[in-house]
Amino acid sequence: MRDLMGKVSPLHPRAESLRIRGRLVKGFRSGLVVAEGLAAHGRGEAFDYIIGEKTTEHAKKAAEAAVAMLLLAKRPVISVNGNVAALVPKEVVRLADLVGAKLEVNLFHGSVEREVKIEKHLRKHGAKEVLGVDRKFFTRIDEIHSDRRKVDKRGIAAADVVLVPLEDGDRTEALKKLCKKVVTIDLNPMSRTARAANVTIVDNVVRALPLMVGIAKKLSRWDPAKLHKTTCGFDNTKNLKAMTELISKGLAKTR
Ligand code: ATP
Ligand code: MG
């Protein structure tokens, strides 16, 4: 499975999945990721296995609507947790740049040490500004019952559109109650997050983020009317239904 240098053999049928796990484990060892993050990845992986570890047409459609929504936003914010920082640091910084969004560290299992590590990691990958680490700007969202209630006044607290990849359902619902639009990336089309968000990209973050970067390059040249048409034409409930149907059909075929 691994050669003498510890590299996954490209011939292994699950090579890519093992490489992704390797990145998370590295993130865990360096203090970016918590043990619970590894378990959360496992839940995602199970769905990825079923959808064939490929980006579907439904996910592409959702990604286009998501990028259009971020480009139309007045104060877009991308929320970053440990898993996202470990898996797609470069891409998340690039996407923020292309859509004019702020990056904010926001953790379910909060710790100042980990927040600073994630901030440094994002800066190493090109981020000029990272919110969510300076106590001076902290405020609370009382509706959230986890460490994620602590947000930055300049970021999530003031945002109109928030991208929350790999999110917990509580916060998605709370952000919606505060009239914010929520975009998420979640491999489980049945999660509370997937159902509560305005746009859900049912795909692995390792594929969805580079895809969104490519789409952002194209859509940043579009006028607002065309972007509006893209967001208005997107129906999240319909898209999620199509994804669950695709999953059930895939499972039925293996019987
Ligand atoms: P919810 O609280 O929304 O009902 P949950 O409690 O089942 O979801 P959480 O641990 O709160 O799950 O959130 C993690 C979510 O992220 C899960 O839905 C999981 O499928 C998804 N996930 C994990 N790793 C990835 C990944 N690499 N790409 C996309 N989604 C992922
Ligand atoms: Mg949850």
Side-chain angles (χ1 to χ4, degrees), residues 14-28 32-56 58-63 66-67 78-92 95 105-110 114 118 141 143-149 162-177 180-213 236-237 239-240 243-244 246-247 250-251:
R14 314 225 55 77
E16 184 53 21
S17 168
L18 291 173
R19 273 194 290 267
I20 299 169
R21 281 186 189 177
R23 259 140 75 191
L24 271 180
V25 170
K26 195 171 161 216
F28 174 68
L32 293 174
V33 174
V34 282
E36 290 84 348
L38 301 179
H41 181 75
R43 176 134 62 212
E45 251 188 0
F47 285 95
D48 210 13
Y49 194 103
I50 299 169
I51 66 171
E53 293 167 336
K54 280 195 202 84
T55 301
T56 64
H58 309 299
K60 284 184 195 162
K61 228 194 237 175
V67 172
I78 303 178
S79 178
V80 181
N81 66 8
N83 285 31
V84 171
L87 291 176
V88 278
K90 193 175 77 205
E91 294 81 356
V92 94
L95 180 67
V105 180
N106 185 275
L107 307 176
F108 189 85
H109 302 279
R114 199 154 70 92
I118 294 173
I141 296 180
E143 288 83 350
I144 301 176
H145 309 290
S146 75
D147 292 343
R148 290 197 122 161
R149 72 169 73 90
V162 195
L163 168 60
V164 287
L166 321 189
E167 180 57 69
D168 177 58
D170 276 3
R171 190 163 75 127
T172 311
E173 284 160 10
L175 293 174
K176 285 289 298 289
K177 268 194 209 145
K180 296 179 194 299
K181 286 194 178 134
V182 178
V183 175
T184 193
I185 302 163
D186 190 332
L187 275 160
N188 177 5
M190 289 169 283
S191 76
R192 287 176 307 148
T193 302
R195 296 189 168 269
N198 296 83
V199 179
T200 305
I201 305 162
V202 182
D203 200 10
N204 198 318
V205 279
V206 301
R207 296 188 300 270
L209 251 303
L211 173 70
M212 290 173 87
V213 167
N236 206 41
T237 311
N239 199 273
L240 287 174
M243 276 309 302
T244 42
L246 189 140
I247 288 172
L251 288 172

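All ligand and atom numbering here is 1-based and tracks the order in the structure.
More than 12 heavy-atom neighbours from other residues, nucleotides or ligands sit within 6.0 angstrom of NZ on Lys180. A 6.0 Å sphere centred on NZ of Lys90 holds no more than 12 heavy atoms belonging to other residues, nucleotides or ligands.
Taking distances strictly below 2.8 Å, the protein N/O/S atoms close to the Mg ion (ligand 2) are Asp168 OD1.
Note that CG of Asn83 and CD1 of Ile20 are 11.5 Å apart. Values are rounded to the nearest 0.5 Å.
Taking the charged nitrogens against the carboxylate oxygens, Arg195 and Asp186 have no contact shorter than 4.0 Å, which rules out a salt bridge. Here Arg21 pairs with Glu45 in a salt bridge; the nearest charged N to carboxylate O distance falls below 4.0 Å.
Using a distance-only test at 3.5 Å, with no hydrogens or angles considered, a donor-acceptor pair links the side chain of Lys176 to the main chain of Ala196. Side-chain N or O atoms of Arg23 include one that pairs as donor or acceptor with a backbone N or O of Leu87 at under 3.5 Å.
Ligand 1 is surrounded by Ala40, His41, Arg43, Gly44, Leu166, Glu167, Asp168, Gly169, Asp186, Leu187, Asn188, Ser191, Arg192, Thr193, Asp203, Asn204, Val205, each with at least one heavy atom closer than 4.0 Å.
Lys177 is linked by a side chain to side chain contact (heavy atoms under 4.5 Å, CB included) to nothing, counting only residues two or more places apart in sequence or in another chain.
Among residue pairs with one or both ends in residues 163-172, those qualifying as salt bridge (charged side-chain N to carboxylate O under 4.0 Å, His left out) are Arg148-Glu167, Glu167-Arg171, Asp168-Arg192, Asp170-Arg192; sequence neighbours excluded.
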